[in-house]
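Read through the structure below, which is laid out as structure tokens, and then see the notes.
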Amino acid sequence: MHAQPLTAARRSLVAAELPAPHPGPAQLLIAVRACAVCRTDLHVVDGELGDPKLPLIPGHEIIGTVVEKGEAAERFAIGDRVGVPWLGWTCGICEYCRVGQENLCDRARFTGYQIDGGYAELTVADERYCFAIDPHYGDVEAAPLMCAGLIGYRTLRMAGDARLVGIYGFGAAAHIVAQVARHQGRRFFAFTRPGDVSAQDFARSLGAEWVGDSTAPPPEPLDAALIFAPVGALVPAALAATRKGGAVVCGGIHMSDIPSFPYRILWEERAVRSVANLTRRDAEEFLALAPDAGVRTQTVTYPLAEANRALDDLRRGALQGAAVLVP
Ligand SMILES: [Zn+2]
Ligand SMILES: [Zn+2]
């Protein structure tokens, strides 16, 4: 099969012909139809996340068709369409798994990081972490739901019942979260890199009531801020924009260092928290909600062989919506 593996961090992906993987007893062999490119892939390729499996086939926003099953796999039939997310395996017995926090499992393994992912024509996945995809969505359109959508949804949920949400970094996750927020009757403001007019127009087209530079104060205080850009300096900026008792939720897996800030911007019961990974419950809830909420994704497609170009475009912030690789 064709694949685009990473052989060493801080190097480009290298096209390769690899043997087809075989499904283990509880695994599915999946013909990849589309795989979205996540900022986390960029952090892995750029060496900002330690300890990827090497060589590694990245990619954890996979949509594909079941072509073979392990002897114990029973949740899906040959020919079914499934989605595969970042969470690829959990132990089921640690103190986190036992209380519904499998996203924090001590031994969790992640797709496209410790498990080969979807930058390939074929992949295998544990069937317990595969999900049916609503027929409303085409393969390419569905791919960004599997991480940008799921993690974005979990991030929004951590904002509680905030009515006015500020979204920092208007990329793949933000454009999905914005649609869910509006469906839930929330208002949102969008904060972008200073002067990024195209991202600001994109946010406005999705219903942002106000758009501006991430350094600018909003016209009214936020009930909660969601940060999707990997920029630590946004944390104090977002705290300063958030009302008393509000929360700043960091949705990314990696962020540059957070600069020190005066205690008075945290004071008055403001909170800062992060979101890590996802649970299967998040996936089930969000994948049911997305078609009801009328969530549509905006995508830019690339042939699998041009995975490096997709990563470069994401690195440069040149994308509106999500990059998706098609084998
Ligand atoms: Zn566990
Ligand atoms: Zn991701």
Side-chain angles (χ1 to χ4, degrees), residues 34-46 48-49 58-61 85-86 112 140-156 158-159 165-182 188-208 210-215 225-235 237-238 248-256 274-275 277-278 286 290 295-302 307 309-325:
C35 184
V37 177
C38 177
R39 182 166 286 282
T40 299
D41 302 342
L42 209 51
H43 295 316
V44 172
V45 170
D46 290 347
E48 290 161 334
L49 289 183
H60 59 269
E61 302 188 81
W86 169 245
V140 167
E141 191 183 19
L145 300 177
M146 297 313 298
C147 185
L150 288 180
I151 304 279
Y153 172 70
R154 188 175 174 87
T155 306
L156 179 62
M158 296 299 175
V165 175
I167 302 179
Y168 287 75
F170 213 84
H175 97 290
I176 296 172
V177 166
Q179 297 174 64
V180 175
R182 290 206 54 202
F188 78 94
F189 292 170
F191 299 77
T192 72
R193 279 189 254 221
D196 189 345
V197 175
S198 65
Q200 294 181 356
D201 288 345
F202 185 39
R204 217 178 264 114
S205 75
L206 289 166
W210 173 90
V211 298
D213 297 347
S214 55
T215 49
L226 315 181
I227 302 182
F228 293 111
V231 181
L234 292 175
V235 172
V248 172
V249 188
C250 303
I253 192 168
H254 170 81
M255 197 179 242
S256 55
S274 64
V275 163
N277 315 317
L278 70 137
F286 172 71
V295 169
R296 312 294 340 178
T297 63
Q298 188 156 322
T299 57
V300 182
T301 57
Y302 300 75
R309 185 163 66 84
L311 288 166
D312 278 343
D313 288 349
L314 182 58
R315 196 181 279 115
R316 290 189 295 117
L319 290 164
Q320 284 189 358
V324 180
L325 303 178

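Just so it is clear, the model here is predicted, and its values are computed rather than measured.
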ask   = Rounded to the nearest 0.5 Å, how far does NE2 of His60 lie from CE of Met146?
value = 10.0 Å
ask   = Rounded to the nearest 0.5 Å, what separation is found between the CD1 atom of Ile167 and the CZ atom of Phe191?
value = 10.0 Å
key: Nearest heavy-atom neighbours spanning Ala310 and Ala323   = CB-CB, 4.2 Å
ask   = At their closest point, which heavy atom of Gly169 faces which heavy atom of Ala174, and how far apart are they?
value = O-CB, 3.3 Å
query = Between Val300 and Gln320, what is the shortest heavy-atom contact and its length?
reply = CG2-O, 4.4 Å
request  = Mind checking the CZ-CG spacing from Phe188 to Leu206? Nearest 0.5 Å is all I need.
outcome  = 6.0 Å
ask   = Roughly how far, to the nearest 0.5 Å, is OG1 of Thr40 from CG of Asn277?
value = 9.0 Å
inquiry  = Between His175 and Gln298 (side chain of the first, backbone of the second, donor and acceptor by atom type, cut-off under 3.5 Å), is there such a pair?
reply    = yes
message = Which heavy atom of Tyr168 sits nearest to which heavy atom of Ala238, and what is that distance?
response = OH-CA, 3.5 Å
inquiry  = Just verifying a value: how many Å separate Asp201 CG and Phe170 CZ, rounded to the nearest 0.5 Å?
reply    = 11.5 Å
task = Grab the two heavy atoms, one from Asp213 and one from Gly195, that are nearest each other, plus how far apart they are.
result = OD1-N, 3.1 Å
inquiry  = Less than 4.5 Å apart, side chain to side chain, heavy atoms only: is that true for Val177 and Phe228?
reply    = yes
ask   = Charged N to carboxylate O under 4.0 angstrom, Arg309 versus Asp312?
value = no
task = Kindly check if the number of other-residue, nucleotide or ligand heavy atoms within 6.0 Å of CZ (Arg193) is above 12?
result = no
query = For the atom pair CG (Leu156) and CD1 (Ile151), what is the distance rounded to the nearest 0.5 Å?
reply = 13.0 Å
key: Residue pair Val37 / Asp41: nearest heavy atoms and the distance that separates them   = CA-OD2, 3.7 Å
ask   = Do the non-hydrogen side-chain atoms of Ser256 and Pro230 ever get within less than 4.5 Å of each other?
value = no
N/O donor-acceptor pair under 3.5 Å between Thr297 side chain and Glu141 backbone = yes
inquiry  = Strictly distance-based, threshold 3.5 Å: is any side-chain N or O of Gln200 a donor or acceptor partner for the main-chain N or O of Thr192?
reply    = no
Evaluation steps, side-chain contact (heavy atoms from CB on, under 4.5 Å), between Ile176 and Phe286 = CA-CA 11 Å; Ile176 296 172; Phe286 172 71; 3.8 Å; yes
